Each structure stands twice: as C-alpha cells, then as structure tokens.
Amino acid sequence: MPTRKPSDVIVVGAGVVGAACAYYAAQAGLSVTVVDRGSVAGGTTGAGEGNLLVSDKEPGPELELALLANTLWRELADVLPPHVEYEAKGGLVVASGESGMRALRDFAARQEKAGVTTQEVPGDRLHDLEPHLAPGLAGGFLYPQDSQVMPAHAAAQLLHAAGDRVRLRLGEEVTGILTGAAGEIRGVRTAAGELHAPYVVNAAGTWGGALAELAGVHLPVLPRRGFVLVTEPLPRVVRHKVYAADYVADVASGSAALQTSAVVEGTPAGPVLIGASRERVGFDRTLSIEVLRRLAAGATGLFPVLGTVRAMRTYPGFRPYLPDHLPAIGPDPRVHGLLHACGHEGAGIGLAPVTGQIIARCLTSGELPLDIDPFRPDRFTAPEPAPAPGSDPAP
Amino acid sequence: MTASPSEPYDLVVVGAGSAGLAGAVTAAELGLSVALLDSTTQSGGQFYRHPAPALGAVRPEALHHDWSAFSDLRRRLAASTVTHLTGHHVWSVVRESGESGAAAGETGETWAVHAITGADGTEEQPVRITARALLLATGAYERQLPFPGWTLPGVVGAGGAQAMLKSGLVLPGRRIVVAGSGPLLLAVASSLAAAGARVPAVVEAAGYLRYARSPRALVTNPAKAAEALVHGAALLRHRVRVLPGSAVTEVHGTDRVEAVTVSRLDGDWTPVPGTGRRIACDALAVGHGLVPQIELATAVGCATRALPDGTLGLALDDLQETSVAGLWAAGETGGVGGAELARTEGELAGRAIAARLRGRRADPDPGRGVGPGRVGELRRRRDRMRAFADVMSAAHAPGPGWPAWLEDETDVCRCEEVTAGRVREAVTELGARDARTVKLLTRAGMGWCQGRMCGTAVACLAARGGTPEPPAERRPFAVPVPLATLAALDERATEQNL
C-alpha cells in the first residue's frame with residue numbers, strides 16, 4: 001500500500017471546524033493533511049445558515065467559547081477574502097407578550113454578567129430596527145455581537161488561507177485508524193492508502209461518533225435534523241437575525257420531538273433564510289410538510305410582508321448533537337494522539353475558530369484560551385449495549 | 001367520480017402528456033376513480049402541444065406526427081370519469097399514514113399531492129388532493145450546454161422554439177440555425193422549415209454513425225427509422241443541410257443574434273482549431289436532448305438510474321413502479337424515449353395500478369378482454385422502445401471535450417450570472433468536487449431555475465474532464481411556493497377544493 005510523506009497532524013473532516021483546525025495548526029507551524037470523503041463543506045457546514053451567535057447561549061462554558069469565537073471571527077474577517085460575507089449585523093430577539101419580555105429581560109441580565117452586550121428595545125422602537133416586523137410585539141433585545149458568515153466559503157477560504165502547510169485529500173473516506181504498539185496514533189487508512197501522522201483530529205461533525213468508534217472510543221454524537229427554507233432573492237427586508245423568544249428554550253432542549261421556532265434573516269446575496277426546526281429522526285432527508293408549515297407560519301408571523309414571497313428551496317441539515325449540548329474539544333485521554341473537535345450541534349460555524357485555536361494550542365503545548373474540562377471527550381459513559389446509530393436513548 | 005373531500009381518489013396522475021393521459025384513461029376504464037393534474041390549460045403535454053382554441057388554428061395536427069393517437073386519447077378522456085384538473089402546479093407529493101383507515105390503500109397509506117392553482121401560478125390557491133396511488137408523468141425539460149454568446153436575445157431552446165410554434169404559431173426568427181444534439185433537432189428543423197423559416201443548417205454535435213453500433217435496436221424499431229426518414233425527406237425538400245460532428249461554438253451580435261460560428265468537433269467534442277466558419281442567421285434554436293423531470297419522486301426517496309447520456313431517470317420495475325411502493329412513473333421520467341413509448345408505459349402503469357388496488361397481480365380480467373396478452377404485449381413494446389431510447393441516449397451523450405468551447409467569461413448560470421471562470425476556480429482552488437459544493441461556493445444553480453439550466457454544465461466542470469456525477473435532482477419544491485401558502489397548509493379548507 002502506498003505511503004506518503006507524513007504530516008504533523010491529520011484532520012478528518014473538511015467542514016468549517018476541520019478547516020479552522022487546519023488553519024490554526026498551520027499558523028502554529030505544523031504541517032496538516034485534511035481528509036474528507038466528500039467536498040469541502042460537504043456535510044453540515046454546507047447546510048448551515050452561518051450563525052455566529054452569543055444571544056442564544058446561557059451563561060456557561062459554551063457562552064465562553066462563543067465570546068472568544070466572536071472576537072476571532074472579527075479578526076478572521078480582516079484576513080479572509082470578502083467572499084466569506086462576514087456581517088456583524090446583530091441579533092434581535094422579540095417577545096410577543098409581557099411575560100415573554102420579562103423572561104428575556106432576566107436572561108439578558110444574566111448574559112450581561114457573563115460579558116454579553118445586550119440592549120432592551122421597547123415595543124414601539126422595534127420598527128426603527130426592523131421596519132417590516134409585525135405590529136403589536138411587546139418588545140425585544142438587541143445583541144450587537146451576533147454576526148453571520150457564508151459557511152461554505154468560511155470553510156473553503158480558511159483552508160485556502162492556511163497556505164502550503166495544508167494538504168487537502170478530498171473524496172477519500174477514512175476507513176481505519178492506525179495505531180502503534182502502545183495504542184498510540186500513527187495515522188489513518190483511507191480507500192486510497194495510508195496517511196501517517198502522530199496526531200489525528202476528529203472533525204467529522206455529525207459523523208464524529210463513527211470516527212471515534214474506528215479509534216475504539218465512545219463519543220455519542222447524534223444527528224438533530226433541521227430544515228432551512230430559502231426564499232427568492234429580495235432587497236433588504238430583514239436587517240438583523242430576528243428570532244422569537246422561544247428559540248433559546250428549543251436550542252437548550254434535549255427532546256427528540258419536533259420543535260420549531262421562527263428564525264429569520266436576510267443574506268447579502270438576497271434570499272431570506274428561515275429556520276429553525278429541531279428533531280431527532282436519524283439521517284432522514286425526507287421533506288416534512290409539517291416542518292415547512294411551521295417555519296413558514298413562524299416567518300410570516302414575524303414578517304407579514306413575507307407572505308407573498310416565494311420559497312425557492314428547502315433542505316435538511318444534521319446538527320452534530322451530544323447529550324449535554326456541549327462539543328467535544330481536545331485530546332482524548334483514552335487514545336494517545338487522538339483529539340476531538342466535533343459535536344457543536346447548531347453552533348459549529350460560530351465556534352469553529354476557537355475550536356481550531358484550542359486544537360492548535362493542544363498540539364503545540366500552547367496556553368489554552370479557557371478551561372476545556374467541560375468539553376472533555378471522555379465525559380460520556382458508554383451505554384451497554386451500545387445504541388444503534390441514530391437511535392434515541394432515554395429522554 | 002369520487003370524492004367527498006375526505007375520501008381519497010384511487011389514483012392521482014401528475015402530467016397530462018402522452019404517458020399521463022394513457023395512464024389516466026386506462027385506469028378509469030378499469031374502474032378506478034382518477035384525478036389527472038396538469039399545470040397547463042390543455043392536455044397533450046409538450047409533444048402534443050397545440051394552439052389555444054382562441055387562436056382558431058384550422059389544422060393543429062399539421063405540425064404533429066401521430067396526431068391520431070392523441071385524438072384517440074383525448075376522446076377517451078372526454079368519455080371517461082377522469083377528473084381533469086388543469087392549471088394545477090404540483091409542488092410536492094407526500095406519503096401519509098392512512099388516518100382514514102379503511103379508505104386507504106392496502107399499505108394503509110395515502111398520498112397527498114400539494115398543488116397551487118392558476119393558469120400561470122399567479123392566482124395561487126393551495127390545493128391538497130389525496131390518493132391511494134400516484135402516477136408521475138411529468139415529462140422532461142431541455143438540456144442546455146453553455147457557449148460564448150448563448151445569453152444573447154435570439155438564442156432559444158430547440159424544444160422551446162417548437163413549443164412556440166405549436167402553441168402560438170410563432171417563429172423565433174426568419175433565418176434560424178438549429179444546433180445541439182439529439183433527435184429532436186431534426187424534428188424542430190423540419191417544423192420550422194415547414195412553417196416558413198429558412199434553416200441554413202442543422203448542427204449536430206454527435207456523429208450519426210454511433211447508431212450503427214447497435215443495429216439490433218434499429219432493426220427492431222422500424223417506426224423510429226421511418227420517423228427519421230420523414231424528417232430527412234422534409235429537410236431535403238427545404239434544402240436544409242445537416243452538419244454532424246459540429247457545434248455552434250460562438251454566437252455573434254450586439255443586441256441580438258446576427259451570426260454563429262460553427263466548428264468541427266473531434267470524437268470527444270473538442271472543437272478542431274481552424275475549422276470555424278460563420279453562418280449568418282437571426283435566431284439560433286439550440287438544445288442537447290432532454291432531462292427527465294423527476295424531482296417530485298426523488299424528494300420522496302425514489303431510486304434513480306444513470307442514463308447513457310449522463311442524465312438521471314427513475315429506476316422502475318417491470319410494471320413501471322418506482323422503488324417507493326405505491327408510486328408509479330411513466331414516459332420521459334424513466335428516460336427520454338418519445339410519445340409512443342410514453343403512451344405504452346402509461347397504459348402499462350394504469351393496468352398495474354388497477355390490479356394492485358384490487359389486490360391482484362397485474363393479471364387479466366378476462367371478462368373485460370384484458371388478457372395477459374395485453375400486459376405482455378405492452379411490456380414487450382416498452383422493452384423494445386426502451387432499448388432504442390438507450391441507444392439514442394448513448395449516441396447523443398455530451399463528449400468530455402465540450403467545455404473547451406467555454407471561455408472563462410462565459411456565463412454558465414444565467415440566473416445568478418456565474419461565469420465558467422468562477423466555477424473553475426471553485427473546483428481548482430476551493431475544494432469543490434461536485435455540483436452541490438460548486439453551488440454553495442458560487443451560487444451557480446441557486447436562482448429561479450434552480451439549476452435546471454446549468455446543472456449539466458456545472459456537473460461537467462466539477463468533474464474536471466472525468467465522468468460527471470449526474471445532478472442529484474433534489475429540489476423539494478417542483479415550483480416556487482408563496483410562504484403564505486405553506487403557512488396555511490394545515491387548514492382543512494385547502495383539501496380538494498373541487
């Protein structure tokens with residue numbers, strides 16, 4: 001079997017998280033091989049809306065990650081070409097009634113203490129920010145740090161900007177993990193041969209659990225399906241990322257049942273993107289009429305002007321979901337040389353740079369930007385017997 | 001026939017062309033309740049497209065081959081119990097578990113067909129129609145390959161030119177070059193010439209010799225040979241030159257078409273340098289065969305098969321059923337083969353569906369004179385014509401060299417104005433390996449046509465000269481749908497507002 005010149009590290013997965021890992025590792029002087037069975041951004045990255053959000057996160061480890069990532073994205077926006085469509089447009093969370101508004105106020109106060117900038121917007125000022133918003137809403141909160149990028153370009157341009165230290169091997173599926181006598185990582189086997197490196201980073205997103213299994217470790221990444229509804233191109237009708245207050249509760253929920261909340265945003269290219277649905281149904285790509293109905297009803301509820309606008313397409317994506325809603329980031333104590341960077345659920349685009357930075361620092365024994373203990377990859381005990389892929393453990 | 005709003009039809013047929021008409025009347029004559037939906041106001045599909053009555057055409061059949069077969073189907077439709085729903089744009093079909101219990105098919109499931117109504121989809125009313133079985137006969141659309149100048153006014157689709165002629169009796173120009181590849185070109189050229197246009201040349205990229213590699217399919221399909229002779233004779237009569245192994249590699253003109261450059265191609269369809277010559281014309285009718293329109297089926301997971309010309313058709317069993325039980329298809333959806341094949345498959349599907357819903361095999365009801373002989377005969381005819389269709393499809397498959405006639409500035413995706421250069425950059429610089437990633441990185445295929453126009457070209461460029469992956473044909477909306485329509489989907493008032 002042919003062997004090739006070894007690299008310092010192999011990153012499995014050419015989505016945005018793998019691209020960020022490769023970018024920061026290359027910046028740190030390492031040689032990197034990125035392997036993916038498909039294209040750049042061929043999985044969940046290509047199906048994402050490109051949200052870089054702090055607004056939907058409760059105070060805690062994920063919010064800390066998001067705040068660090070927010071700063072890194074601002075830096076990257078200066079380095080990467082304009083194709084990544086970075087926009088610090090701000091998020092606007094709206095409540096229809098007074099009780100919703102009180103809940104938002106409490107949530108925002110706790111976020112403020114954790115370093116999030118928030119700004120209360122009374123009902124009669126909402127239209128200054130979003131002229132087409134439905135009348136009669138109780139008010140909302142503006143989160144100026146919320147931003148957006150075009151996710152496929154974010155991944156492609158990060159890899160491109162990483163330069164010659166990164167080699168891309170696309171269309172090559174990893175079929176095995178190579179280990180040495182002491183169980184330490186030696187590389188990966190693909191359909192095309194062996195690739196050698198002392199470190200392997202699992203950035204396989206929703207398929208990260210399967211890659212962990214190849215390395216003999218348990219990491220229960222499950223798919224949580226979401227549909228995005230895309231409209232015909234419009235002039236700027238929606239200026240911020242606008243969503244209804246119940247979105248935060250849905251994000252934090254572990255339920256397998258279908259949840260939808262209205263999330264509406266414009267894009268520089270013109271189409272309006274409408275989300276967000278969450279349900280755990282395995283990797284089923286079948287169109288769900290009920291999801292479409294709820295997404296459309298939510299969007300037209302917030303922006304009645306969208307009623308006559310046509311939906312051009314819709315597609316599902318599969319968020320890589322771990323049971324406690326936190327990603328797995330960092331070295332795996334069970335296999336020397338294996339690192340994980342997956343399980344970011346719906347926040348992978350946003351959290352990609354900080355994840356890449358942590359991985360690069362782990363590889364070069366650099367100083368970590370925060371305590372990564374909450375993201376320990378070995379924090380889940382393997383159930384017995386192991387659940388079938390896509391199956392649903394206890395609620 | 002049928003139908004209280006809550007009771008499903010036995011069968012909904014989508015598409016009232018040759019296949020759909022044949023399927024609908026056959027099933028209705030066998031006793032099923034049938035609804036036949038089509039987006040246009042008339043039956044006949046693309047092949048039997050004809051002028052609206054208001055135009056007062058005296059002999060619409062003059063432009064048609066085999067008109068009697070259509071008038072027979074039309075007569076049977078008029079005499080049948082089929083509910084013919086015109087102006088219905090079907091955007092999605094969904095399998096539902098049968099809430100209505102006994103009314104549902106033997107699988108306990110029904111299909112819901114979601115459509116919006118209105119002659120051109122402007123006065124949209126959402127409609128939901130349920131059925132125990134579905135027959136998709138949605139036909140095909142024309143395949144285009146881009147070339148410098150193809151977006152100039154005066155360049156029209158070859159099929160589009162014929163449709164304009166058949167429905168409106170209008171010509172796209174006075175001096176029209178017909179170009180591209182496929183058997184449609186000869187038919188289009190002879191129609192245009194018969195209607196009074198000058199056709200200085202038919203430019204066919206393939207060499208007709210490729211048909212000779214499959215003599216058996218030719219000998220067993222004498223009707224196809226006769227059809228070609230008829231067109232050939234018409235072209236001779238109108239002094240139309242046919243230039244095989246050639247392509248229009250550039251269109252000239254400032255505001256509209258003034259001339260085209262025709263170049264010789266080698267066996268890979270790469271233009272041979274120095275062979276270009278100009279032909280003056282005021283219109284160009286161009287097309288590279290037809291692409292099965294199968295998104296309603298692929299959205300519910302029907303398996304596909306790669307056709308010899310690089311397109312995807314539905315994978316069908318011997319009795320026209322897709323890989324999804326309860327969903328049948330006929331005509332071009334299984335691979336482009338023409339009106340006679342479509343009729344045959346439609347009838348076969350109609351018989352198979354009737355048998356299934358009555359809990360029988362597609363066996364014969366001797367009392368009605370529908371012997372095994374009829375199903376057997378239909379299957380034999382279908383197999384023979386399918387074999388010929390596959391030969392035709394292989395003969396006109398685009399050669400790997402065609403992208404050589406693209407300049408970097410040539411628009412590939414017209415809707416989003418994405419050039420060949422940007423597509424090539426996404427492939428060579430940014431790690432795109434398939435049409436989907438090219439789309440994500442360039443927006444090629446994200447516009448109004450949703451990649452129907454540029455899909456082939458993008459897939460070829462993404463494959464970098466290798467065999468392109470056929471486009472996945474995943475377009476959950478077969479037509480764009482207003483958000484208010486989607487938002488109102490649960491209101492029962494939308495159900496079958498007949």
Side-chain angles (χ1 to χ4, degrees), chain A residues 14 19 34 36 38-42 45-48 83 150-153 155-157 159-160 168-171 227 229-233 269-272 274 284-301 303-316, chain B residues 91-96 112 114 116 121 124 126 128 295-296 298-301 324 415-416 422 425-427 429-443 445-451 462 466 472 474-491 494:
Chain A
V34 178
D36 196 292
S39 283
V40 167
T45 296
H83 302 84
M150 197 287 175
H153 263 294
Q157 302 295 348
L159 287 168
H160 199 56
L168 262 181
R169 306 197 65 88
L170 300 173
F227 277 95
L229 193 52
V230 186
T231 72
E232 61 188 294
V272 170
I274 297 166
D284 181 358
R285 300 190 67 88
T286 315
L287 178 74
S288 160
I289 293 286
E290 176 58 13
V291 171
L292 291 188
R293 185 193 69 74
R294 291 209 213 169
L295 293 183
T300 53
F303 291 94
V305 66
L306 294 178
T308 55
V309 170
R310 287 155 203 260
M312 297 296 295
R313 61 179 174 277
T314 180
Y315 53 83
Chain B
W91 60 269
S92 185
V93 299
V94 187
R95 190 154 58 165
E96 299 183 337
H114 294 279
I116 44 180
E124 283 112 353
R128 175 176 173 275
E295 54 261 75
L296 289 173
T298 51
V300 290
V324 173
C415 305
E416 295 285 331
R422 281 183 51 212
E425 181 200 36
V427 173
E429 302 292 315
L430 298 176
R433 297 171 48 83
D434 53 24
R436 174 181 182 258
T437 317
V438 170
K439 176 172 87 172
L440 288 171
L441 294 174
T442 65
R443 303 193 55 76
M446 282 194 182
W448 272 104
C449 84
Q450 290 290 290
R474 279 204 172 270
R475 294 185 196 99
F477 298 121
V479 294
V481 188
L483 289 175
T485 303
L486 291 177
L489 276 174
D490 67 331
E491 288 165 22
T494 63

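Residue numbering restarts at 1 for every chain, and letters A, B, ... go by the order of the sequence lines. Model, not experiment: these values are computed from the prediction.
Counting heavy atoms from C-beta on, the side chains of Pro271(A) and Arg443(B) come closer than 4.5 Å. Side-chain contact between Pro482(B) and Thr308(A) is absent, with no heavy atoms from C-beta onward closer than 4.5 Å. Considering only heavy atoms from C-beta on, Arg293(A) stays 4.5 Å or farther from Leu486(B) through its side chain.
Most heavy-atom pairs under 4.5 Å with chain B: of the set Gly42(A), Ala14(A), Pro233(A), Gly301(A), this distinction falls to Gly42(A). Ranking Leu483(B), Thr437(B), Val479(B), Val94(B) against chain A, the residue ahead of the rest is Leu483(B), based on heavy-atom pairs under 4.5 Å.
The shortest heavy-atom contact between Ser39(A) and Ala432(B) is OG-C, 4.0 Å.
In this structure, the portion of Thr231(A) lying under 4.5 Å from any heavy atom of chain B is its side chain and not its backbone. Interface remark: Leu170(A) contributes backbone and side-chain atoms alike to the contact with chain B (heavy atom separation under 4.5 Å). At a 4.5 Å heavy-atom cutoff, Pro151(A) makes no contact with chain B through either its backbone or its side chain.
Taking SG of Cys415(B) as the start and CE of Met312(A) as the end, the distance is 7.5 Å to the nearest 0.5 Å. Atoms NE2 and CG, on His114(B) and Leu292(A) in that order, are 9.0 Å from each other to the nearest 0.5 Å. Summarising the geometry, atom CZ belonging to Arg95(B) is positioned 14.0 Å from atom CD1 belonging to Ile289(A); distances are rounded to the nearest 0.5 Å. The distance from the CG atom of Leu441(B) to the CD atom of Gln157(A) is 8.0 Å, given to the nearest 0.5 Å.
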From CA spacing to verdict: side chain to side chain contact (heavy atoms under 4.5 Å, CB included), Phe477(B), Leu229(A): CA-CA 11 Å; Phe477(B) 298 121; Leu229(A) 193 52; 3.7 Å; yes

Intermediate values then yes/no, side chain to side chain contact (heavy atoms under 4.5 Å, CB included), Leu430(B) and His153(A): CA-CA 8 Å; Leu430(B) 298 176; His153(A) 263 294; 3.9 Å; yes

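Arg313(A) contributes a side-chain N or O that, together with a main-chain N or O of Met446(B), makes up a donor-acceptor pair within less than 3.5 Å.
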